[in-house]
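Small disclaimer: the values here were computed from a predicted structure and weren't measured.
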There are 2 protein chains.
Amino acid sequence: MDRSFHALGDGTRREMIAMLARNGALSANELRSPFSVAQPTISKHLKVLEKAGLVRREINGRVHLFHLETAPLREAEDWISRHRTFWEGTLQRLEKFVNAADGQEDKT
Amino acid sequence: MDRSFHALGDGTRREMIAMLARNGALSANELRSPFSVAQPTISKHLKVLEKAGLVRREINGRVHLFHLETAPLREAEDWISRHRTFWEGTLQRLEKFVNAADGQEDKT
DNA sequence: ATAATGAATAGCCATATGGCTATATAAATT
DNA sequence: AATTTATATAGCCATATGGCTATTCATTAT
C-alpha cells in the first residue's frame with residue numbers, strides 16, 4: 001500500500017500509468033517518449049512502478065514490455081473509498097441530527 | 001494530486017486518516033495517541049496532510065482540531081478509478097475479440 | 001565479426017523525508 | 001503571576017528520492 005501510493009505520488013509515473021491504460025502494453029522507450037528525461041531516469045520510475053506491483057514487466061528479447069496491473073490500483077482505490085464514504089456517511093448522519101434538532105428547537 | 005498521493009503513501013498518515021474517518025474531528029494529541037512517536041513528528045505529519053488538503057485545521061484556543069476533507073480523497077480515488085476501469089474495459093474488449101477469433105478458427 | 005539498439009547498473013548530486021531532541025509560543029489552570 | 005498543557009519551530013541525522021552522466025549488458029541488424 002505504501003509502495004502503491006508512493007508510486008502514484010509522482011506526475012511522471014502517473015502519466016506512464018495513463019499511457020498504459022490508454023494504449024495497452026508499451027516498451028520502456030515508448031513510455032519514455034513524451035518526457036524529456038534521461039533513459040536511466042525512466043528505468044528507475046519503471047522499477048518503482050514494478051516494485052509497487054502496478055506494472056508487470058514482460059521481457060521480449062531486448063525490449064521490455066510493461067503491462068498495467070489493476071489489482072493494486074483497485075486496492076488503493078478501495079482504501080480511499082472505504083474511508084471517504086464512511087466519513088461522508090457520518091457527515092450525513094450528523095446533518096440529519098442537526099436538522100432534527102433544529103425542528104425541535106421551538107419546543108424546548 | 002502529487003501531494004495527496006504522497007500524503008497517503010505513509011502508514012502513520014493513513015492511520016490518522018482512518019481515525020478521523022471513524023471518530024470525526026480529533027486533536028493533534030488524540031491523533032498522536034496510538035503511535036509511539038515524538039510529538040513534533042506528528043506535527044509534521046499533520047502539516048503534510050494539511051498541505052495536501054486532506055485535513056482542515058480548526059484552532060480552538062491551544063488545541064488544534066483536525067477534520068477530514070473528502071474532496072481531495074475523491075479526486076485521488078477518481079483518478080485511479082478512471083484509469084483502472086478504462087484499462088479493464090480494454091482487457092474485456094480484447095477478451096471478447098480473442099474469444100470471437102477462437103470461434104472463427106475452424107473456418108479458416 | 002561489428003555495429004547499433006534497448007535497457008539496466010553504478011555512481012554522483014541536490015533536495016526531501018521521517019525521525020529525534022531541545023526550545024519556543026500560546027493558552028488554560030492554579 | 002507561576003505553572004502546566006497543547007502545539008509549533010529550529011536544527012540535526014540517516015536515508016530515500018529524482019535527476020544526471022558514463023558505462024555495461026544483451027539482443028538484433030549489418
Side-chain angles (χ1 to χ4, degrees), chain A residues 1-20 23-69 72 76 79, chain B residues 1-20 23-69 72 76 79:
Chain A
M1 201 69 129
D2 276 32
R3 271 194 240 274
S4 293
F5 280 122
H6 169 248
L8 290 170
D10 177 279
T12 300
R13 286 193 290 260
R14 276 203 308 285
E15 181 54 30
M16 293 198 282
I17 288 178
M19 291 170 71
L20 290 177
N23 305 323
L26 293 173
S27 72
N29 239 333
E30 288 169 327
L31 284 165
R32 180 191 175 194
S33 57
F35 310 103
S36 41
V37 295
Q39 174 260 320
T41 302
I42 292 294
S43 199
K44 270 195 190 178
H45 281 307
L46 287 171
K47 194 172 282 181
V48 169
L49 288 169
E50 192 183 17
K51 278 191 179 168
L54 294 173
V55 303
R56 174 171 44 85
R57 183 190 305 253
E58 177 197 349
I59 300 181
N60 265 58
R62 68 183 168 185
V63 44
H64 293 208
L65 272 182
F66 292 87
H67 303 258
L68 195 57
E69 218 42 83
W79 190 94
Chain B
M1 201 69 126
D2 276 33
R3 271 193 238 276
S4 294
F5 281 121
H6 169 248
L8 290 170
D10 177 278
T12 300
R13 287 193 291 260
R14 276 202 308 284
E15 181 54 30
M16 293 199 281
I17 288 180
M19 291 170 70
L20 291 176
N23 304 324
L26 293 172
S27 71
N29 239 334
E30 289 169 326
L31 284 165
R32 181 192 174 193
S33 57
F35 310 103
S36 42
V37 294
Q39 172 260 321
T41 303
I42 292 294
S43 199
K44 269 195 191 178
H45 280 307
L46 287 170
K47 194 171 282 179
V48 169
L49 288 169
E50 191 183 17
K51 278 192 180 167
L54 294 174
V55 304
R56 176 172 42 86
R57 183 189 305 252
E58 177 195 349
I59 300 180
N60 264 58
R62 69 184 167 185
V63 45
H64 293 207
L65 272 182
F66 292 87
H67 303 257
L68 195 57
E69 218 41 85
W79 189 95

Within the pair [X] and [N], is there a side-chain N or O less than 4.0 Å away from OP1 or OP2?
X: His45(A); N: dG19(D); result: yes
X: Asn29(B); N: dT5(D); result: no
X: His64(A); N: dA8(C); result: yes

N/O-N/O pairs, protein side and nucleotides 21-26 of chain C side, under 3.5 Å:
none

Search all heavy atoms of [X] against all heavy atoms of [Y] and return the closest pair with its distance.
X: Ser27(B); Y: Val63(B); result: CB-CG2, 3.6 Å
X: Pro34(B); Y: Leu31(B); result: CD-O, 3.4 Å
X: Gly9(B); Y: Phe5(A); result: CA-CB, 3.5 Å
X: His67(A); Y: Leu20(A); result: C-CD1, 4.5 Å
X: Leu54(B); Y: Ser4(B); result: CD1-O, 4.1 Å
X: Ile17(B); Y: Leu68(B); result: CG2-CD1, 3.8 Å

Within residues 50-57 of chain A, residues whose heavy atoms come under 4.0 Å of DNA chain D: none

Close residues, residues 5-18 of chain B, relative to DNA chain C [heavy-atom separation under 4.0 Å]: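 Residues of residues 5-18 of chain B under 4.0 Å from DNA chain C: His6(B), Asp10(B), Arg13(B).
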
Rounding to an integer number of Å, can you tell me how far [X] [atom1] sits from [N] [atom2]?
X: Leu46(B); N: dA6(D); atom1: CG; atom2: C1'; answer: 12 Å
X: Lys44(A); N: dA10(C); atom1: NZ; atom2: P; answer: 11 Å
X: Glu58(A); N: dA7(C); atom1: CD; atom2: P; answer: 12 Å
X: Lys47(A); N: dA10(C); atom1: NZ; atom2: C1'; answer: 11 Å
X: Arg32(B); N: dT7(D); atom1: CZ; atom2: C1'; answer: 11 Å
X: Ile42(B); N: dG19(C); atom1: CD1; atom2: C1'; answer: 11 Å
X: Ile59(A); N: dA7(C); atom1: CD1; atom2: C1'; answer: 9 Å

Nearest 0.5 Å, please: how far is [atom2] in [Y] from [atom1] in [X]?
X: His6(A); Y: Lys51(A); atom1: NE2; atom2: NZ; answer: 11.5 Å
X: Phe66(A); Y: Glu30(A); atom1: CZ; atom2: CD; answer: 11.0 Å
X: Met19(B); Y: Arg32(B); atom1: CE; atom2: CZ; answer: 12.0 Å

Residue mapping more 5' on DNA chain D - nearest nucleotide basis, Val48(A) or Val63(A): Val48(A)

Under 3.5 Å: donor-acceptor pair, side chain of Arg14(A), backbone of Leu8(A):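 Here the side-chain-to-backbone pair exists.
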
Passing candidate, side-chain contact (heavy atoms from CB on, under 4.5 Å) with Met16(B), options Asp10(B), Val55(B), Ile42(B), Leu26(B): Ile42(B)

